[in-house]
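What follows is a set of notes on a single structure, which appears directly below.
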There are 2 protein chains.
Amino acid sequence: MAIQLECEKILKERGLRITKPRMSILEQFLSHPNALSHNDIEEKILDIDRITLYRTLKSFEEKGVIHKAIDGTDKPKYALCESSCSEHAHHHDSHLHFRCDDCNHTFCIEGVAIPAIPAPEGYHVKGTDIVLNGLCKNCS
Amino acid sequence: MAIQLECEKILKERGLRITKPRMSILEQFLSHPNALSHNDIEEKILDIDRITLYRTLKSFEEKGVIHKAIDGTDKPKYALCESSCSEHAHHHDSHLHFRCDDCNHTFCIEGVAIPAIPAPEGYHVKGTDIVLNGLCKNCS
DNA sequence: TATATTGTTGCAACTAAGATGCAAAAGTAA
DNA sequence: TTACTTTTGCATCTTAGTTGCAACAATATA
Ligand SMILES: [Mn+2]
Ligand SMILES: [Mn+2]
Ligand SMILES: [Zn+2]
Ligand SMILES: [Zn+2]
């Protein structure tokens with residue numbers, strides 16, 4: 001499917017109006033395999049206000065279009081959600097993230113089972129986030 | 001051992017001069033079981049310049065006194081290192097962190113083995129960070 | 001296809017986080 | 001006590017993120 005059409009489809013499905021900034025931002029996510037920071041996007045789309053970008057990322061996250069990819073750095077990064085995610089629930093509890101030491105890109109890794117970590121004495125575990133680091137496919 | 005003496009000992013061991021700000025900051029780490037953010041410390045020690053705090057945290061980290069505790073939030077938190085850590089190497093690769101959903105405190109968890117995560121196809125894994133969340137001992 | 005309605009954008013203005021240069025002050029060793 | 005070196009605190013700057021608001025754009029519906 002053409003990338004434009006796919007963007008429109010996603011925005012419509014999540015009840016977001018189709019606007020120029022949203023289309024270009026979403027296009028960035030669809031055309032990059034790695035998670036993107038606010039800054040990454042700002043550098044790629046020059047004709048967009050940074051406040052709009054903040055707000056777009058926030059509403060994308062709220063509507064289940066993107067999710068924060070925890071990668072151990074201080075700069076938040078965002079990545080596309082699975083199509084099953086919605087305003088009400090994100091459904092990728094069990095995927096992990098990989099940060100490349102060389103290119104510094106962060107990737108969502110689907111299809112690797114998250115092991116159950118034995119709960120430390122006295123703690124009640126509800127969730128597990130795993131961040132791997134090392135060399136990505138390109139940098140190996 | 002008196003807490004003052006312990007602070008002095010740690011600073012001397014790591015080749016850091018004993019100064020008033022360093023003593024009070026280190027005292028905070030020794031007297032709290034949870035990881036502390038810049039802000040946590042600033043609120044507790046009122047007579048210290050925030051720039052000095054930034055620089056102290058940085059040199060503590062460089063000298064192996066504290067380490068960054070990855071906890072999935074955007075605010076960096078720091079926790080005491082094991083005594084085996086040094087300027088040249090941190091030796092707590094294999095401990096994990098727990099963030100409490102209720103009190104928002106982050107704890108280092110020693111003594112829970114970090115499982116080997118199967119490496120995703122094409123990636124070369126060098127390290128694993130695990131962050132658990134749920135309820136801590138106090139909040140359970 | 002024009003209009004009403006509502007959501008979105010971009011700007012200004014603000015707050016918070018963090019870094020750097022530098023002179024004065026403090027710690028250490030002789 | 002002095003000489004040497006590190007550390008501190010201040011001023012200043014940069015970057016990150018938030019909020020209020022008027023103008024504007026997207027959609028619905030007549
Ligand atoms: Mn992800
Ligand atoms: Mn730790
Ligand atoms: Zn890479
Ligand atoms: Zn708690």
Side-chain angles (χ1 to χ4, degrees), chain A residues 4-5 7-28 35-66 68-78 87 104 106, chain B residues 4-5 7-28 35-66 68-78 87 104 106:
Chain A
Q4 297 287 87
L5 285 180
C7 289
E8 291 191 10
K9 178 164 162 279
I10 293 175
L11 292 176
K12 270 182 199 153
E13 276 173 2
R14 309 297 159 93
L16 288 162
R17 288 189 179 180
I18 294 162
T19 67
K20 194 164 157 265
R22 285 177 179 166
M23 288 291 285
S24 357
I25 293 167
L26 190 45
E27 197 180 325
Q28 289 302 315
L36 301 172
S37 69
H38 178 103
N39 223 312
D40 293 335
I41 303 174
E42 218 176 348
E43 282 171 5
K44 279 166 183 141
I45 312 179
L46 300 171
D47 61 341
I48 176 185
D49 189 72
R50 69 190 188 94
I51 286 105
T52 301
L53 178 49
Y54 280 121
R55 288 195 275 222
T56 302
L57 292 174
K58 187 179 285 183
S59 53
F60 277 10
E61 198 184 2
E62 283 166 2
K63 300 289 182 172
V65 178
I66 58 177
K68 244 183 199 145
I70 309 291
D71 75 346
T73 67
D74 36 4
K75 309 250 170 278
K77 296 201 182 67
Y78 300 88
E87 177 168 7
N104 281 311
T106 296
Chain B
Q4 296 286 88
L5 285 179
C7 290
E8 290 190 10
K9 179 164 163 278
I10 293 174
L11 292 176
K12 270 182 197 152
E13 277 173 1
R14 310 298 158 92
L16 289 162
R17 288 190 177 179
I18 294 162
T19 68
K20 193 164 159 265
R22 284 175 179 169
M23 288 292 282
S24 356
I25 293 167
L26 190 45
E27 197 180 324
Q28 289 301 316
L36 302 172
S37 68
H38 178 104
N39 223 310
D40 292 335
I41 302 173
E42 218 178 347
E43 283 172 2
K44 279 166 182 139
I45 311 177
L46 300 170
D47 61 342
I48 177 185
D49 188 72
R50 68 190 189 95
I51 314 292
T52 300
L53 178 49
Y54 280 120
R55 289 194 275 222
T56 303
L57 291 175
K58 185 180 287 183
S59 54
F60 278 9
E61 198 185 1
E62 284 166 3
K63 299 289 183 174
V65 178
I66 58 176
K68 245 183 199 144
I70 308 287
D71 75 345
T73 66
D74 35 3
K75 309 249 170 280
K77 297 203 181 64
Y78 300 88
E87 177 167 8
N104 282 310
T106 296

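Note that the coordinates shown come from a computational prediction; the quantities given were computed from them, not determined experimentally.
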For residues 49-58 of chain B, please give each side-chain donor-acceptor pair under 3.5 Å, one per line with the distance, not counting sequence neighbours.
unit_1  : atom_1 : unit_2  : atom_2 : d
B:Asp49 : OD2    : B:Ile51 : N      : 3.1
B:Thr56 : OG1    : B:Thr52 : O      : 2.7

Within the pair A:Arg22 and C:dT8, is there a side-chain N or O less than 4.0 Å away from OP1 or OP2? yes
Given side chains that start at C-beta, do those of A:Lys68 and A:Lys77 come closer than 4.5 Å, heavy atoms only? no
Using a distance-only test with no angle check, is there a side-chain donor-acceptor pair under 3.5 angstrom linking A:Thr73 and A:Asp71? yes
Check step by step if side-chain contact (heavy atoms from CB on, under 4.5 Å) holds for B:Leu26 and B:Val65. CA-CA 9 Å; B:Leu26 190 45; B:Val65 178; 3.8 Å; yes
Could you tell me how far apart B:Asp47 (CG) and D:dT8 (P) are, to the nearest whole angstrom? 13 Å
Is there a residue in residues 37-46 of chain B whose heavy atoms reach under 4.0 Å of DNA chain C, and which residues are they? B:Asn39
Atom CG of A:Leu57 to atom C1' of D:dA16: distance rounded to whole Å? 13 Å
Donor-acceptor pair, distance only, cut-off 3.5 Å: does the side chain of B:Arg22 make one with the backbone of B:Leu11? no
Of the listed nucleotides (C:dT6, C:dT9, D:dA16), which one gets closest to any side-chain atom of A:Lys75? D:dA16
Could you run down the sub-3.5 Å N/O contacts of the protein with nucleotides 18-24 of chain D?
unit_1 : atom_1 : unit_2  : atom_2 : d
D:dG20 : O6     : A:Arg55 : NH1    : 3.4

Could you tell me if the side chain of B:Gln4 sits less than 4.5 Å from the side chain of B:Glu27, heavy atoms only? yes
For C:dG7, does OP1 or OP2 lie under 4.0 Å from any side-chain N or O of A:Thr19? no
What integer distance in Å separates A:Lys12:NZ from D:dA28:C1'? 14 Å
Ion pair check, B:Asp47 and B:Lys20, cut-off under 4.0 Å: yes
Provide, to the nearest angstrom, the distance between the CE atom belonging to A:Met23 and the P atom belonging to C:dT8. 15 Å
Between the CE atom in B:Met23 and the CD atom in B:Gln28, the distance rounded to the nearest 0.5 Å is 12.5 Å
Without decimals, in angstroms, what is the distance between A:Leu53 CG and C:dT9 C1'? 13 Å
Heavy-atom nearest nucleotide on DNA chain C for A:Ile48 versus A:Asp74: which residue maps closer to 5'? A:Ile48
Within the structure, does a side-chain N or O atom of B:Thr52 lie under 4.0 Å from either OP1 or OP2 of D:dT7? no
For DNA chain D, whose closest nucleotide is more 5', that of A:Pro76 or that of B:Leu16? B:Leu16
Please give, in whole Å, the distance from D:dT12 P to B:Asp49 CG? 14 Å
Let me know the distance between CG of A:Leu11 and P of D:dT27, rounded to the nearest Å. 9 Å
Is any side-chain heavy atom of B:Ile66 less than 4.5 Å from a side-chain heavy atom of B:Phe60? yes
